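Computation of the quantities below employed the complete heavy-atom set of this structure, encompassing side-chain atoms and omitting hydrogens, waters and symmetry-equivalent molecules. Fair warning: this is a prediction, and the values are worked out from it, not measured in the lab.
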Amino acid sequence: MNLSDERHFHSIFKKFENFCFDKNYRHYSLENIKMADLSRDRIQNFFNGLGLAHETARKDLNHLRTCLRDAYNDGVINRNPASGTIRIVADPQRTKSDDCKFMSVKDFRKVQTFLMNYDYRLSDVNRMVLMVISQTTLRVGEALALRHDDIN
């Protein structure tokens, strides 16, 4: 193993170690399991015990899958135990329903009307960005990255 391989292996191991020893998961951690000894069942049991919101569990599973895929592709492990189906069991108490995630159409129209009728000054950048977002469906980062040349 040359030095660059060793550094790459170290970065893969660090990703795995950070995931397994995360302070939020310490009670359910995979800390006593070697990467090569992981199985789909162990991963499934790990996520079943966390009681996370669905989106949080989905993101965390993707982080673990990425780490194990890199380890497999680089020959650190001989199989990727996260490559198959792993069902996310979310805590319904922690998972928001759609009506809690989104603004009602009525409230959106109120905000939109306010923003469209507002008398903007140069210092009102935040409100201007919100107005652009409400009219274009741009994401915040996209709206903030707009330049004068981007606008017709």
Side-chain angles (χ1 to χ4, degrees), residues 1-109 111-112 115 125-152:
M1 183 184 287
N2 66 33
L3 185 59
S4 66
D5 290 340
E6 196 171 308
R7 283 187 187 138
H8 188 70
F9 173 78
H10 183 68
S11 74
I12 291 171
F13 179 75
K14 274 308 209 191
K15 279 193 248 178
F16 181 73
E17 185 180 58
N18 289 341
F19 185 86
C20 294
F21 297 124
D22 187 291
K23 67 180 177 347
N24 297 321
Y25 305 146
R26 191 162 305 270
H27 181 67
Y28 303 102
S29 78
L30 300 169
E31 63 187 340
N32 295 323
I33 300 171
K34 295 178 183 171
M35 195 183 300
D37 294 337
L38 266 180
S39 67
R40 192 174 301 129
D41 284 342
R42 282 187 169 164
I43 295 170
Q44 182 69 64
N45 289 334
F46 172 72
F47 278 95
N48 288 354
L50 292 177
L52 298 173
H54 185 271
E55 191 61 16
T56 304
R58 187 191 66 76
K59 288 177 183 176
D60 287 350
L61 177 57
N62 282 336
H63 289 299
L64 182 61
R65 278 190 165 135
T66 300
C67 172
L68 292 172
R69 185 189 64 229
D70 288 349
Y72 173 75
N73 289 341
D74 294 339
V76 175
I77 55 177
N78 61 5
R79 64 177 174 66
N80 181 353
S83 65
T85 302
I86 298 174
R87 305 223 183 275
I88 296 172
V89 179
D91 181 350
Q93 300 286 331
R94 300 182 86 179
T95 302
K96 294 179 185 175
S97 62
D98 284 349
D99 59 329
C100 293
K101 292 180 190 177
F102 303 104
M103 183 182 294
S104 71
V105 173
K106 181 180 173 185
D107 289 342
F108 172 75
R109 294 289 178 221
V111 171
Q112 188 179 41
L115 293 169
V125 174
N126 292 344
R127 286 189 179 133
M128 178 61 84
V129 169
L130 288 174
M131 190 273 298
V132 169
I133 290 170
S134 76
Q135 300 304 304
T136 62
T137 67
L138 287 174
R139 295 179 178 143
V140 174
E142 295 168 334
L144 292 173
L146 286 174
R147 301 284 175 239
H148 186 267
D149 295 342
D150 297 330
I151 300 170
N152 295 345

Measure the CG-CE distance between Leu115 and Met128 for me, rounded to the nearest 0.5 Å. 10.0 Å
Distance (rounded to the nearest 0.5 Å) between Leu144 CG and Leu138 CG: 10.0 Å
Stepwise side-chain contact (heavy atoms from CB on, under 4.5 Å) check, Asp107 with Val111: CA-CA 6 Å; Asp107 289 342; Val111 171; 5.6 Å; no
side-chain contact (heavy atoms from CB on, under 4.5 Å), paired with Leu61, selected from Thr66, Thr56, Ile43: Ile43
Ile77 vs Leu38, test: side-chain contact (heavy atoms from CB on, under 4.5 Å). Steps then yes/no. CA-CA 10 Å; Ile77 55 177; Leu38 266 180; over 6 Å; no
Working to the nearest 0.5 angstrom, can you tell me the gap between Met103 CE and Arg109 CZ? 11.5 Å
Donor-acceptor pair, distance only, cut-off 3.5 Å: does the side chain of Asn45 make one with the backbone of Arg42? no
Closest non-hydrogen contact found for Asp150 with Ala145 is OD2-O, 4.0 Å
For the side chain of Gln112 and the backbone of Gln135, is there at least one donor-acceptor N/O pair under 3.5 Å apart? no
Before you tell me yes or no, could you show the steps for Ile86 and Arg65 under side-chain contact (heavy atoms from CB on, under 4.5 Å), namely the whole-Å CA-CA distance, both residues' side-chain angles and the distance that decides it to 0.1 Å? CA-CA 10 Å; Ile86 298 174; Arg65 278 190 165 135; 3.8 Å; yes
Apply side-chain contact (heavy atoms from CB on, under 4.5 Å) to residues Arg127 and Met131 and explain how you reach the verdict. CA-CA 6 Å; Arg127 286 189 179 133; Met131 190 273 298; over 6 Å; no
